[in-house]
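So the structure is just underneath, and the comments pick up after that.
Predicted model only: the values in this text are computed from it and were never measured.
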Amino acid sequence: MCMMHSHASAGNLASGEGLSSESFNYNEQKPLTMGIGRRVFSVHNHVGHLDPWAFYESEEPISPADPGPETPEELDFFMKCRGIEKTLIIPNYGIPVQAQPFSHNELVANLCKQGGGKVAGALWVSGLPQNRERTEEALKLLDQPGIKALKMSYLLGGTADPNKWDEQTLLLHETIFQAAIERDIAIHFHTSPGAGSDITGFFELIKRWGKDLKIHLVHMGGGVSGHIRLLSHWKELIEGGYRVYLDTSWAIGFAVRKLLQDLDRTGIGVDRVMFGCDEPWSDFESEFWKIQGVKVSDEIKERIFWANAEDMYFSKQA
C-alpha cells in the first residue's frame with residue numbers, strides 16, 4: 001500500500017523518535033487500485049497532521065496512525081491508491097486539545113477548492129461553549145466551494161444528549177444546526193459506545209431536530225451495543241421522516257451484513273447508507289470488503305459505494 005509523507009515530529013511507535021520523510025515518500029510508490037472495477041466514493045477521510053501524544057499508559061508521545069494528506073497532490077495520490085473517485089474530507093483529530101481539529105478547517109476548505117469537483121469537505125465545529133469563538137470562525141467558511149457538511153464529535157467533551165446541555169450549550173448547538181439547515185447540509189456526527197458519543201444520546205437529538213436537519217451517524221452507532229440499538233430503531237426512524245444517514249466505517253461485520261440484508265429485503269433506507277474508509281484511522285481494504293463480501297444485490301452495493309454519496313455530497317443539489 002502506498003504511504004504518505006510525515007512531518008519530522010510524527011512519532012515512531014517503537015522509539016518515540018521522529019520518522020524521516022523517506023518513510024512516507026508517496027511519490028515513489030506505485031498506486032494500487034483496490035476498487036476492482038467498482039466506482040467508490042468515501043464519505044469519511046481525514047486530512048492533516050496530528051501531533052504525537054502520550055496516549056493512555058504511554059510514557060512517550062506516539063503517532064498511532066499515518067498522517068493524513070495535506071496537499072492536493074497527496075490527496076489525489078491517496079485516492080488513486082485505493083480506487084476512490086470522490087471523497088468527503090474532515091480534519092484529522094484524536095488528541096485532547098480543543099483547538100487542534102479547528103486548525104485544519106482552512107486546509108479542508110483549500111483542498112475542496114482545488115479538488116476539481118472530486119473533493120467535498122466537512123468543517124470542524126463544537127457545541128462546547130469554550131469553543132464558541134472557534135466555531136463561529138468555522139461557520140464563516142461554510143459557503144466556500146465544496147463545503148458540504150459540518151463535523152462534530154463528543155470525544156473531546158460534552159454529550160450528544162440535549163437533555164444534559166446547559167443553556168449556553170443548547171444555544172451554540174442551535175446556532176450550528178440552523179446554519180446546516182439553512183444550507184441543507186449534514187452534520188457528520190461521530191458515534192461510539194459509551195461516554196458522550198453513545199448512540200443512545202443521539203436518539204433524543206434526532207427526535208428534536210432530525211426532521212429538519214440531515215444527521216449523518218458515523219460508524220453506524222459504534223460497537224456492538226450501538227449497532228444493535230441503531231438497527232432496532234432504523235425502520236421507525238426512516239418511516240418517521242427523520243433525515244438520518246449512516247456510513248459503515250468501523251462497523252462490526254454482523255451489523256453491516258444485517259443492515260445490507262435488510263436493505264435488500266425491504267428497501268427501507270436504501271438511499272441512506274454510504275461507504276467510508278476513515279483513513280488513516282481505519283483501512284480501505286477491510287472497509288471495502290465488509291460491503292463487497294455480503295451476498296446482496298449489486299444494486300445495493302452500487303448505492304452504498306457511490307450513488308448515495310453522489311446524491312448527498314457531490315451532486316449539484318447537494
Has the side chain of [X] got a donor or acceptor atom that lies under 3.5 Å from a matching backbone atom of [Y]?
| X | Y | result |
| --- | --- | --- |
| Gln178 | His173 | no |
| Asp283 | Ser286 | yes |
| Ser197 | Pro193 | no |
| Thr191 | Gly221 | yes |
| Asn105 | Trp124 | yes |
| Asp278 | Ser249 | no |
| Thr135 | Ser126 | yes |
| Thr71 | Glu74 | yes |
| Asn110 | Glu106 | yes |
| Thr159 | Asp161 | yes |

[X] [atom1] to [Y] [atom2] distance, which is reported to the nearest 0.5 Å:
| X | Y | atom1 | atom2 | result |
| --- | --- | --- | --- | --- |
| Phe189 | Ile215 | CZ | CD1 | 6.0 Å |
| Trp306 | Glu85 | CH2 | CD | 8.0 Å |
| His190 | Ile90 | NE2 | CD1 | 10.0 Å |
| Glu204 | Arg208 | CD | CZ | 4.5 Å |
| Leu172 | Leu128 | CG | CG | 8.0 Å |
| Leu139 | Leu142 | CG | CG | 5.5 Å |

Please name the pair of heavy atoms, one in [X] and one in [Y], separated by the smallest distance, quoted to 0.1 Å.
| X | Y | answer |
| --- | --- | --- |
| Pro91 | Pro101 | CB-O, 3.4 Å |
| Ile206 | Leu217 | CD1-CD1, 4.0 Å |
| Phe314 | Leu88 | CZ-N, 3.9 Å |
| Arg243 | Asp184 | NH2-OD1, 2.9 Å |
| Val273 | Asn308 | O-ND2, 2.9 Å |
| Cys277 | Ser282 | O-CB, 3.3 Å |

Can Phe102 and Leu123 be said to form a side-chain contact (heavy atoms from CB on, under 4.5 Å), step by step? CA-CA 8 Å; Phe102 286 98; Leu123 300 171; over 6 Å; no

Can a salt bridge be assigned to the pair [X] and [Y] using a cut-off of 4.0 Å between side-chain N and carboxylate O?
| X | Y | result |
| --- | --- | --- |
| Glu302 | Arg39 | no |
| Glu285 | Arg82 | no |
| Glu136 | Lys140 | no |
| Asp298 | Lys301 | no |

Identify, with sequence neighbours excluded, every residue that meets ring-ring contact (aromatic ring centres under 6.0 Å, His included) alongside Phe275.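 Listed in chain order: Phe284, Phe305.
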
Taking only residues two or more places apart in sequence, or in another chain, which ones meet His104 in a ring-ring contact (aromatic ring centres under 6.0 Å, His included)?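 Applying ring-ring contact (aromatic ring centres under 6.0 Å, His included) to His104 gives none.
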
If we only count heavy atoms from C-beta on, is the [X] to [Y] side-chain gap below 4.5 Å?
| X | Y | result |
| --- | --- | --- |
| Tyr245 | Asp271 | no |
| Arg272 | Trp234 | yes |
| Asp143 | Arg183 | yes |
| Leu259 | Leu231 | yes |
| Asn92 | His49 | no |
| Pro67 | Leu50 | no |
| Val294 | Trp289 | no |
| Leu156 | Gln100 | no |

In terms of hydrophobic clusters joined by side-chain contacts under 4.5 Å, are [X] and [Y] together?
| X | Y | value |
| --- | --- | --- |
| Ile89 | Tyr93 | no |
| Met152 | Ile181 | yes |
| Leu171 | Leu213 | no |
| Tyr154 | Leu246 | yes |
| Ile228 | Leu260 | no |

Taking it one step at a time, do His219 and His227 satisfy ring-ring contact (aromatic ring centres under 6.0 Å, His included)? CA-CA 9 Å; His219 308 319; His227 297 332; 9.2 Å; no

Between the side chains of Arg132 and Gln168, is a donor N or O closer than 3.5 angstrom to an acceptor N or O?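 There is no such pair (donor and acceptor under 3.5 Å, judged by atom type) between the side chains of Arg132 and Gln168.
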
Ile187 and Phe177: CA distance, side-chain angles, deciding distance, side-chain contact (heavy atoms from CB on, under 4.5 Å) verdict: CA-CA 8 Å; Ile187 308 287; Phe177 295 170; 4.3 Å; yes

Is it the case that atom [atom1] in [X] sees more than 12 heavy atoms from other parts of the structure closer than 6.0 Å?
| X | atom1 | answer |
| --- | --- | --- |
| Glu236 | CD | yes |
| Glu182 | CD | yes |
| Trp209 | CH2 | yes |

Assess whether side-chain contact (heavy atoms from CB on, under 4.5 Å) is satisfied between Val47 and Val108, documenting all intermediate values. CA-CA 7 Å; Val47 297; Val108 168; 3.9 Å; yes

Worked verdict on Val296 versus Leu263 for side-chain contact (heavy atoms from CB on, under 4.5 Å): CA-CA 9 Å; Val296 295; Leu263 294 180; over 6 Å; no

Is it the case that the ring center of His44 lies less than 6.0 angstrom away from the ring center of His46?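 Centroid separation for His46 and His44: below 6.0 Å.
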
Evaluate Asn131 against Gln98 for side-chain hydrogen bond (donor to acceptor under 3.5 Å, both in side chains), listing each step before the verdict. CA-CA 8 Å; Asn131 288 322; Gln98 294 294 335; 2.8 Å; yes

Single hit among Glu239, His233, Lys235 for side-chain contact (heavy atoms from CB on, under 4.5 Å) with Leu237: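 That would be His233.
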
Compute both the distance and the angle, then confirm whether Lys86 meets the cation-pi test with Tyr313: under 6.0 Å from the six-membered ring centre, within 45 degrees of the axis.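 Not satisfied by the 6.0 Å and 45° rule.
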
